[in-house]
Structure formats: structure tokens, C-alpha cells
Amino acid sequence: VQLQASGGGLVQAGGSLRLSCAASGRTFSNYDMGWFRQGPGKEREFVAGIGWSGGITHYADSVKGRFAISRDNAKKMVYLQMNGLRPEDTAVYYCAAGTVASANQDRYSYWGQGTLVTVSS
């Protein structure tokens, strides 16, 4: 599976962005998907995950109620709707594909190249 993340940019605090992740290659619907992020000087961390059918989602506590992950298997796309953005959400955001929509990065076999989100105060 090849993954291409897009949709990042500069936004003011309180604003919204929608990240997209386009997949190609093997059967996309076989994979659970996740979004991770790496902020300046920080380790990469889990943001959100979604099961292969889209029926199960889970989130990091820091984004619950503000971010929403979704997928469209027909289009081979995964999305991350981000609302109420905060300066601490500034990071490079990565999409990933794996067999389990886990917060554990080791459970993901394929990674996109990342898209930068910058939130100004």
C-alpha cells in the first residue's frame, strides 16, 4: 500500500482543517488505518484510528471531541477532520495502514510521507 497525505497548512487557533490520505496498491479495505503526528522536538504520537469497515474509531485523549477520522473504501481515502485547533496541535501528520487500528506504531506496516499542520495563536 502506498499512502499520500495532504491537506496540511497554516491555520489560526480555533480553526479547522481536513487532512486526506490517498491509498493505492493493495486492497485498501483490508487495512485498518491510523493518523499519527510528530510535533517540534517531540516523538511521534497516535492521533486517531479507524477499523477496516469504518465502524470502529478511537482517539487520543488530547483530540477527543475535536478531531474525527473517517474513510471511504470505494475511493481508497482516509480523512481527519480537525476542529478547534490549538497551537499544540502543530505537527507533521502521518497516515498509516496496518492490520490493527492500534495506538502502537509498530502495528502499522505502511506510512505516508506526512503533511505539516501549523496552528498560530
Practice task
Please assess Leu85 against Leu17 for the test side chain to side chain contact (heavy atoms under 4.5 Å, CB included), listing each intermediate value before the final yes or no.
Solution key: CA-CA 8 Å; Leu85 283 163; Leu17 279 176; 4.2 Å; yes
Exercise for the section: Report the C-alpha separation of Lys76 and Ser24 in whole Å, then their side-chain angles, then the decisive distance to 0.1 Å, and conclude whether the side chain to side chain contact (heavy atoms under 4.5 Å, CB included) test is met. Expected result: CA-CA 7 Å; Lys76 296 185 179 181; Ser24 61; 5.8 Å; no
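For the atom pair CZ of Arg18 and OG of Ser70, the computed distance is 7.0 Å after rounding to the nearest 0.5 Å. Asn30 contributes atom CG, which lies 9.0 Å from atom CH2 of Trp52 (distance to the nearest 0.5 angstrom). Rounding to the nearest 0.5 angstrom, the gap separating the CD atom in Glu43 from the CD atom in Gln105 is 8.5 Å. Put simply, CD on Gln38 and CG on Leu116 are 11.5 Å apart, with the number rounded to the nearest 0.5 Å. Rounded to the nearest 0.5 angstrom, Tyr108 OH and Cys95 SG are separated by 11.0 Å. Arg71 contributes atom CZ, which lies 13.5 Å from atom CG of Leu80 (distance to the nearest 0.5 angstrom).
In terms of hydrophobic clustering, with Ile, Leu, Val, Met, Phe, Trp and Tyr side chains grouped at heavy-atom distances under 4.5 Å, Phe67 and Leu19 are assigned to a common cluster. Follow the hydrophobic side-chain contacts under 4.5 Å out from Met33 and you reach Val1 in the same cluster. In the hydrophobic cluster analysis, where Ile, Leu, Val, Met, Phe, Trp and Tyr join through side-chain heavy atoms closer than 4.5 angstrom, Met82 is grouped together with Val63. Under the 4.5 Å side-chain heavy-atom criterion for Ile, Leu, Val, Met, Phe, Trp and Tyr, Trp35 and Val11 are members of the same hydrophobic cluster.
Ring centroid separation for the pair Tyr31 and Tyr110 comes in under the 6.0 Å cut-off.
With a 6.0 Å cutoff to the six-membered ring centre and a 45° limit on the axis angle, Arg66 does not count as a cation-pi contact of Tyr59. Within the cation-pi definition used here (under 6.0 Å to the ring centroid, within 45° of the axis), Arg44 qualifies as a partner of Trp111.
What you find for Gln113 and Ala5 is that their closest heavy atoms are NE2-O, 2.9 Å. Between Ala103 and His58, the shortest heavy-atom contact is N-CE1, 4.1 Å. Nearest approach of Asn83 to Ser16, heavy atoms of both residues: OD1-OG, 2.9 Å.
Of the residues listed (Tyr94, Phe46, Tyr93), the one engaging Phe36 in a ring-ring contact (aromatic ring centres under 6.0 Å, His included) is Phe46, and it is the only one.
At distances below 3.5 Å, not a single donor-acceptor pair connects side-chain atoms of Thr27 with backbone N or O atoms of Ser29. A distance-only check finds no donor-acceptor pair linking the side chain of Gln4 to the backbone of Cys21 [under 3.5 Å]. Side-chain atoms of Thr118 never come within 3.5 Å of backbone atoms of Leu10 as a donor-acceptor pair (strictly under, hydrogens ignored).
Open room surrounds CD1 on Ile56; 12 or fewer heavy atoms of other groups in view lie less than 6.0 Å from it.
With contacts defined as side-chain heavy-atom distances shorter than 4.5 Å, the pair Val78/Ile69 qualifies. A 4.5 Å side-chain heavy-atom check between Arg37 and Ser62 finds at least one atom pair inside the cut-off. The closest side-chain heavy-atom distance from Met77 to Ser20 is below 4.5 Å.
With salt bridges taken as basic N to acidic carboxylate O contacts below 4.0 Å, none links Arg107 and Asp32. Remark: Asp89 does not engage Arg86 in a salt bridge, criterion side-chain N to carboxylate O under 4.0 Å.
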